[in-house]
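Here the structure comes first, spelled out in structure tokens, and everything after it is commentary.
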Amino acid sequence: MPDRTADIALTQAPAHVRHGSNIGQSFVRREGVLKVTGAARYAADNHPPGMLYAVVAVSSIARGRVSFLDIAAAKAHPGVVEVMTPANRPALVTAPDAKTNPFAFRLDLLQSDRVRYAHQPIAVVIAETLEAATEGAILLAPRYEIEPARVGLDSTESFVPPVVGPGHPTEARRGDVEAGLAAATKQIAASYETAAQYHNPMEPHAIVAAWDGDNLVIDTPSQGLAWAQGRLAELFGIAPDKIHIRSPFLGGGFGCKGLIAGPQVLGVMAARLVGKPVKLVLRREQMFGPVGHRAPTRQTLRIGVDGDGNLTALDHHTKTTSSSFDDFFEPASDISHTLYKSPAIATSHEAVRVDTGTPLFMRAPGEATGSIALESAIDEMAHACGIDPLAFRLQNYAEVEPISGRPFSSKALRECYLQGAERFGWQGRPLAPRQMRDRDGLLVGWGLGTATFPAFMFEAHAKAALRRDGTGVMEIGAHEMGQGALTALAQIAADGLGLDLDRLEFKSGSSDLPDAGIAGGSAHTATAGSAIHNAGADVVARLAAVATNDSRSPLFGAGNAGVIARDGRLFRRDDESRSESYTDILSRAGLAEIEGRGKGASDPAAQSAYAMHAHGAVFAEIKIDPELGQMRVTRVVGAFAAGRIINPRMVRSQLYGGMIWGVSFALHEQTVMDARSGRPMNANFAEYHIPVNADVPALDAIMVEERDPHVNALGIKGVGEIGITGTAGAVANAVWHATGVRVRKFPITLDRLM
Ligand code: MOS
């Protein structure tokens with residue numbers, strides 16, 4: 001393969017200011033006080049005058065049709081204003097089932113009496129109070145014509161999907177896997193099952209919608225304001241700029257608020273129907289259906305190694321589910337493209353259609369699911385070879401992305417393995433299982449998993465200004481979903497404008513600001529941050545032009561030497577004793593302010609030359625009661641290399657959040673579908689288990705230094721999703737190491753371990 005690592009110049013503006021004054025510091029969350037005092041206004045906190053309450057009635061069957069609704073009874077209930085059904089819902093300009101682009105997922109907007117999954121909206125009751133709307137929805141007492149529900153990975157004939165995830169090829173191969181397996185000294189073949197997980201951010205989908213003629217104002221949580229605006233514009237046949245979406249804070253997103261969901265659109269329709277502002281909030285059990293989920297998988301891994309323990313073949317096949325009416329296929333096999341070097345690698349997917357809502361992106365879609373299977377299989381192989389699983393990974397991890405053949409843009413995985421192992425105290429771990437006990441007699445196990453996540457970028461725009469009073473403003477419709485974007489992006493803005501953070505006004509969370517792209521794919525800081533950085537550079541360049549062309553300025557004639565922006569002043573780069581404040585420059589020029597714009601996007605030349613990923617290594621300890629099988633994760637150490645760290649406090653929190661989800665993936669979280677009815681049986685927080693404080697172990701996240709000059713000018717990768725990968729497998733491998741029992745069905749619950 002030709003060496004393409006040389007001569008790839010960065011096409012983006014280089015960092016023009018000294019970094020470190022704001023970027024890299026552990027500032028506390030800018031909106032923290034608002035949140036802890038209850039002053040932060042979430043979507044459902046908005047109560048415009050005259051607002052009515054809407055409650056969705058959802059289907060209790062998974063497939064069939066609604067044959068009767070007692071609309072008269074609902075309307076007769078005191079306080080009920082209207083019942084919205086397929087018979088009277090406002091007309092839509094674009095059909096909810098039209099696939100206008102691959103990311104326009106089909107929505108259930110009362111377009112017919114068909115039921116395609118349990119908890120599908122079948123009517124909306126609008127009333128003067130929440131109580132009346134709730135009671136009205138109960139009084140509808142629907143009757144159905146029921147058809148048998150298709151449930152589970154074996155319920156219907158499978159097919160090969162056209163693409164997986166966001167348009168990735170279904171199959172990929174390099175080399176000859178069968179030959180590699182035939183030539184192997186040792187082979188393993190094993191199947192792993194992962195459960196469906198349903199989206200449950202703390203804040204359910206909520207919307208307050210108000211029409212004023214053809215203008216629409218809505219308050220709703222969104223990870224993608226411009227996309228939501230575009231989808232609503234298309235559905236209602238109005239110009240996007242007639243729609244104003246306010247989303248200052250999200251109570252979590254995790255992918256389910258990346259695209260506007262059906263129930264949010266129903267809120268807008270309800271407001272149009274009654275001609276008044278309407279609030280609609282999903283109840284917890286209503287989250288288990290119309291807002292996306294992580295589909296279940298059955299993954300078959302076949303691995304071969306030679307006599308030295310080097311991989312000769314890696315085959316990763318995934319079977320998953322999608323809905324009966326739309327296409328989203330969990331790309332679980334794709335993780336095997338990037339982690340381990342093998343002369344032969346094949347990845348493939350197949351799917352069946354079942355009667356559920358359409359699966360969608362959920363934090364590390366594909367990577368989380370694939371990681372637990374791949375890391376389990378790698379662990380099984382290491383132990384089959386009698387090699388320590390860390391040593392096995394150190395000899396087999398890839399330095400060039402195996403399937404694409406592209407070198408990694410920067411790679412610190414080896415450092416992650418070494419630093420994580422050191423901090424955890426991995427050395428001396430007995431190779432055989434069931435060798436360690438604590439002083440209470442509990443079995444102790446140690447497991448390892450490799451973490452990875454692509455370093456994506458979307459496209460974002462930002463607008464900035466420096467004002468004569470020495471303050472600045474950065475405007476970008478960015479998304480604060482709890483991850484710390486407001487803080488980290490403001491830090492980038494302050495450095496970009498050469499201002500102290502307290503002189504900066506940072507405007508975000510609203511669709512009338514420049515499009516920040518989607519807050520997903522762990523790409524928000526890189527994408528929005530690049531737009532902000534470039535907008536800052538643009539304003540500073542314009543200000544510098546004013547100063548360096550003015551003979552009265554100490555910066556006059558700086559010309560090619562250029563200037564540095566810092567602390568509200570421009571300094572000559574070649575002589576920092578010559579400087580001038582923004583205020584003086586603007587005052588003398590008679591300008592109230594000076595504006596600039598910036599765009600953030602990936603660099604296609606760098607993208608085609610390099611594979612771009614964040615990496616990590618996660619080490620877990622578990623203690624298990626030998627009689628009862630009760631499991632408790634006691635320690636998790638993760639070492640992650642994710643490029644430039646803008647705010648270590650926020651990043652640590654993101655990594656911890658991901659690692660906790662990894663524990664959840666391995667031991668707790670699953671949606672159990674009733675095979676007879678097709679209904680989720682645990683659509684509540686009592687029975688849908690996620691780790692509570694007592695389940696969360698001592699966590700430690702090491703941020704391994706990584707300078708990646710190719711991902712973007714600031715060297716930022718993402719940290720939102722990578723924490724799940726690696727961790728889930730590390731916990732599963734620790735269970736085996738403690739007990740000698742290899743559970744290949746996740747989550748590993750007591751009954752599966754005993
Ligand atoms: Mo994420 S699943 O890209 O919000």
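The chain is numbered in sequence order, starting from 1. Order of listing sets the numbers, starting from 1, for every ligand and every atom in it. For clarity, every value in this text was computed on a predicted model and none was experimentally measured.
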**Short side-chain to backbone donor-acceptor contact, D512 and H244, under 3.5 Å** = no

**Message:** For F408 together with H615, are the ring centres under 6.0 Å from each other?
**Reply:** yes

**Message:** Using ring centroids (six-membered ring only for Trp), state whether H199 and F254 fall under 6.0 Å.
**Reply:** no

**Item:** Residues in contact with ligand 1, criterion: heavy atom under 4.0 Å
**Value:** Q223, F254, G255, F361, M362, R363, P365, G520, G521, E721

**Message:** Can you tell me which residue among H317, K319, E171 is in a side chain to side chain donor-acceptor pair (under 3.5 Å) with S348?
**Reply:** H317

**Request:** Show your reasoning for whether salt bridge (Lys or Arg N to Asp or Glu O under 4.0 Å) applies to E401 and K411.
**Result:** CA-CA 11 Å; E401 191 181 49; K411 187 156 178 162; over 6 Å; no

**Prompt:** Would the number of heavy atoms belonging to other residues, nucleotides or ligands and lying under 6.0 Å from NZ of K35 be above 12?
**Reply:** yes

